[in-house]
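The block underneath contains the structure these notes are about, expressed in structure tokens.
So you know, we letter chains A, B, ... as the sequences are listed, proteins then strands, and number each from 1.
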2 protein chains.
Amino acid sequence: METLRERKKQRTRDALLHAALELFTTRGYEATTVDDVAAAVDVSQRTFFRYFASKEEVAFVVQHMTEAAFVEGVRARPAHEAPMEALRQAVVDGWDRLHEAVSAVVPVELYLRMYQLIESTPVLLAAHLRRSMEVEEKIARILAEREGVDVDTDPRPRLVVAVFAGVIRVTERQWSTGEDFSLEAIRELTARYLDQVGPALAGDWRAP
Amino acid sequence: METLRERKKQRTRDALLHAALELFTTRGYEATTVDDVAAAVDVSQRTFFRYFASKEEVAFVVQHMTEAAFVEGVRARPAHEAPMEALRQAVVDGWDRLHEAVSAVVPVELYLRMYQLIESTPVLLAAHLRRSMEVEEKIARILAEREGVDVDTDPRPRLVVAVFAGVIRVTERQWSTGEDFSLEAIRELTARYLDQVGPALAGDWRAP
DNA sequence: TTGTCAATTGTCAGCCACTGTCACTAATCT
DNA sequence: AGATTAGTGACAGTGGCTGACAATTGACAA
């Protein structure tokens, strides 16, 4: 934080972010207007839009960090791990680093509430899914490079990532509608669900 | 079509739908205003919103039919098929029935253009993904019932569906960005990608 | 320190999606 | 034919978002 100007800007941005998340999670996303957020920080609506391109964008600021952390997590996996293994490890032990990174910006509890809000607000859920797709594309390219194949001719990178993402989405949803919002819960759920994929696919579920 | 009133309504709805799709696919979704659509049919903007809850809704009218058709397709699969097999069959031979159902409402070519527009327009893509999630939930419940398990305690139905949906999404995307928009192309691509899932997951891709 | 330049902000005007209200017209029913 | 009801247009208003311009405030050099 060099100059006074930069510090002021940072403060305004932080204030807007916090006011927005606080209002969103208490009143609801749709029920909160951009004017409300701006008023809470005592700046004009126009200023809000100079810091955030859209109302949606504020809602995803923290998510954005977690997405980036995951991508880096995958990139950092040792080369000898098979693709699926690398993804699994990146998620399972990515939660801790995530926890730290997030809590430096907002209270973790606020992040969790925001996550549930996203899952339960149709417009936000839609945006979340689209963002996830973009992340998937990045991951697919990373895997392709790791394994020395071409993303555009070999479908395997995108397929693995899509399958993995599907499982994660089911996991997230289960977690966000459950009762235990702890890190342990999500970690355990992730591991368990990933283990179930094989059996589920192979499945004759009716067997004893 | 009983009364004159009903016929008139149907005609207005059709006209709005066609005008909307035509404008969307030529000018682009965002570049088309609801006023444009209403003007093209010579009704007021207010009337447009009496037929469609939102601008988005018109864009998905045809998609909505295909989604419903797929759900019915799965429901109709013989009980002896394993879950994954049932899904695969429902998709692969669902395309033909789909083709007919769609062409009764709009030219197939318009449907294809609309599909590509959805894939390439961020807001529409987001909406599409959320809708797909709702379809996934329905399918998961159907599978659970077929196999006699409980969706809320056994994760397998949702997992299988999520994995399958992931593959289908990769397929759709590949198809929509490719050059061959024929039914044969999508059918072949679907079959091929589904076959690749096993190898991709198991994978040591670097093996000769 | 002060004057100049550049960055930040507020104000205002306007577009577009969407909603409520009310009066008017045209189809339907008796 | 007259009363009823459904469908429509006109209008006003809200909320997200953008462009333009002017006022303010910090940065930096003379």
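With sequence neighbours excluded, the residues forming a side-chain contact (heavy atoms from CB on, under 4.5 Å) with A/Val91 are A/Phe70, A/Trp95, A/Phe164, A/Ile168, A/Thr190, listed by chain and number. Among residues two or more places apart in sequence or in another chain, the side-chain contact (heavy atoms from CB on, under 4.5 Å) test is passed with A/Glu145 by none. Residues satisfying the side-chain hydrogen bond (donor to acceptor under 3.5 Å, both in side chains) test with B/Arg13, not counting sequence neighbours, are none. Residues satisfying the side-chain contact (heavy atoms from CB on, under 4.5 Å) test with B/Ala38, not counting sequence neighbours, are B/Val43. With sequence neighbours left out, the side-chain hydrogen bond (donor to acceptor under 3.5 Å, both in side chains) criterion links B/Arg97 to no other residue. Considering only residues two or more places apart in sequence or on other chains, A/Ala165 meets the side-chain contact (heavy atoms from CB on, under 4.5 Å) condition with A/Glu136.
Judged as a ring pair (Phe, Tyr, Trp, His ring centres under 6.0 Å), the pairs with a partner in residues 103-145 of chain A (not counting sequence neighbours) are, in order, A/Tyr115-A/Trp175. Applying the side-chain hydrogen bond (donor to acceptor under 3.5 Å, both in side chains) test to pairs two or more places apart or on separate chains, none has a residue in residues 49-62 of chain A.
The outermost nucleotides of DNA chain C lying under 4.0 Å from heavy atoms of chain B, listed 5' to 3', are C/dC16 to C/dT28.
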Review item, side-chain donor-acceptor pairs of residues 99-109 of chain A, under 3.5 Å, at least two apart:
unit_1: A/Ser103; atom_1: OG; unit_2: A/His99; atom_2: O; d: 3.0
unit_1: A/Ser103; atom_1: OG; unit_2: A/Glu100; atom_2: O; d: 3.0
unit_1: A/Glu109; atom_1: OE1; unit_2: A/Arg113; atom_2: NH1; d: 3.2
unit_1: A/Glu109; atom_1: OE2; unit_2: A/Arg113; atom_2: NH1; d: 2.7

*How does protein contact run along nucleotides 1-12 of chain D, one letter per nucleotide 5' to 3', with B for base contact, S for sugar-phosphate only, - for none, heavy atoms under 4.0 Å?*
----BBSBBB--
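Protein atom CD of A/Glu56 is 13 Å distant from nucleotide atom C1' of D/dC17, rounded to whole Å.
Comment: B/Arg187 does not engage B/Asp93 in a salt bridge, judged by the lack of any side-chain N to carboxylate O separation of less than 4.0 angstrom.
Contact check of residues 16-38 of chain A against DNA chain C (heavy atom, cut-off under 4.0 Å) returns no residues at all.
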